[in-house]
2 protein chains.
Amino acid sequence: MSVGHTAVTTEPVVSCGGEEEDCGIREVLDRIGDKWSVLVVVELAQGVRRFRRLQRAIPGISQRMLTLTVRRLERDGLVRRTVYPTVPPQVEYELTAMGHSLTHLVRALADWSADHRSAIADSRHRWDAANPGSDIR
Amino acid sequence: MSVGHTAVTTEPVVSCGGEEEDCGIREVLDRIGDKWSVLVVVELAQGVRRFRRLQRAIPGISQRMLTLTVRRLERDGLVRRTVYPTVPPQVEYELTAMGHSLTHLVRALADWSADHRSAIADSRHRWDAANPGSDIR
DNA sequence: CAGGATCCGATCCGATACTG
DNA sequence: CAGTATCGGATCGGATCCTG
């Protein structure tokens with residue numbers, strides 16, 4: 001076994017149970033693996049948000065993409081959208097119970113990211129130095 | 001802490017520590033959030049694989065995308081690529097220690113996916129029924 | 001076997017303009 | 001305020017052909 005790693009943990013092995021290939025990971029990744037979904041979930045994990053505030057909280061997202069993103073999250077049952085028929089219109093977004101359960105995963109993702117971000121950056125620099133002129137990003 | 005939610009979950013709160021927006025999640029998602037990376041990691045979690053076998057294990061992946069995917073994973077330090085100068089050439093791929101640590105995350109992803117896949121499908125059907133003729137996928 | 005090179009359609013996404 | 005509609009550039013990714 002490979003070793004030397006700090007606390008050997010419990011030997012992961014993702015396998016999915018044998019001959020299967022996909023599990024169902026692609027299904028989740030197709031929803032939260034896009035450019036903005038996770039950031040929206042992170043912001044909504046903080047509490048109820050209206051459209052504008054959500055947009056301001058996520059620098060760089062266009063109004064079009066915010067609309068598409070929350071609409072898809074709503075469709076998947078991760079976000080609840082509430083419209084108050086006032087003038088001007090007021091729409092609130094919040095996570096559903098399922099949406100909240102997703103935040104655990106996002107947290108794990110953020111933690112892993114923080115732990116390995118510098119190692120990844122280093123590896124990348126070394127690779128780029130060793131492979132001059134490669135268009136792999 | 002703001003609790004008082006419907007009770008179902010344990011109120012995670014991802015926050016990242018206050019005013020920040022991104023954490024570093026995007027950085028990870030940009031690497032494993034693409035169409036094939038996770039599936040490659042899942043397969044390599046099972047053990048060392050050669051190029052062809054890897055491709056056969058992941059139905060639908062083109063040779064070009066497999067090449068690009070493993071190259072990027074190698075660049076990020078998640079996969080180690082070993083070339084044996086034989087004829088015909090033989091190249092082996094395996095996860096690094098950092099790559100293995102990622103499998104924990106993937107496992108969590110798979111678990112969450114399995115747990116909610118039907119709920120998501122249901123929600124989607126209901127939404128589609130309630131919103132006829134919407135191009136949100 | 002393992003991949004590099006090219007072509008090209010599909011999709012994503014930002015910018016912009018308009019609406020109730 | 002909270003969207004919808006449309007356009008166009010950028011990127012993604014599949015198919016195909018070629019090589020050591």
Q) Between Asp128(B) and Arg75(A), is there a side-chain N and carboxylate O pair less than 4.0 Å apart? A)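 Here Asp128(B) pairs with Arg75(A) in a salt bridge, since their nearest N and O are under 4.0 Å apart.
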Q: At under 4.0 Å between heavy atoms, which parts of nucleotides 8-20 of chain C does protein reach? Answer with one letter per nucleotide, 5' to 3': B base, S sugar-phosphate only, - none.
A: ----SBBBBB--B
Q) Asp135(A) has an atom CG; how far is it from atom C1' of dT6(C), in whole Å? A)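 Those two atoms, CG and C1', are 14 Å apart.
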Q) Gln55(B) CD to dC1(C) P: how many Å, rounded? A)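 Going from Gln55(B) (CD) to dC1(C) (P), I get 10 Å.
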Within the 4.0 Å heavy-atom criterion, would you say [X] contacts the bases, only the backbone, or no part of the nucleic acid?
X        : result
Arg53(A) : nothing
Tyr84(A) : nothing
Arg71(A) : sugar-phosphate

Q) Got Glu43(B) and Leu54(B) here, is their nearest side-chain heavy-atom distance under 4.5 Å? A)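 A side-chain contact under 4.5 Å exists here.
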Q. Mind checking whether Arg81(B) and Glu92(B) have side chains closer than 4.5 Å, heavy atoms only?
A.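 Heavy-atom side-chain distance check fails, nothing below 4.5 Å.
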For [Y], is there any backbone N or O sitting under 3.5 Å from a side-chain donor or acceptor partner on [X]?
X         : Y         : value
Ser113(B) : Val28(A)  : no
Ser123(B) : Gly77(A)  : yes
Ser134(A) : Ile136(A) : no

Q) With distance as the sole criterion, is a donor-acceptor pair present between the side chains of Tyr93(A) and Arg49(A) under 3.5 Å? A)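 No pair is found: no donor N or O on one side chain lies under 3.5 Å from an acceptor on the other.
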Q. Looking only at heavy atoms, what is the nearest atom pair of Arg80(A) and Leu95(A), with distance?
A.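 Distance-wise, the nearest heavy atoms are NH2-O, 3.9 Å.
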Q. Can you give the first and last nucleotides of DNA chain D, 5' to 3', that have an atom under 4.0 Å from a heavy atom of chain A?
A.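 It runs dC1(D) to dC12(D).
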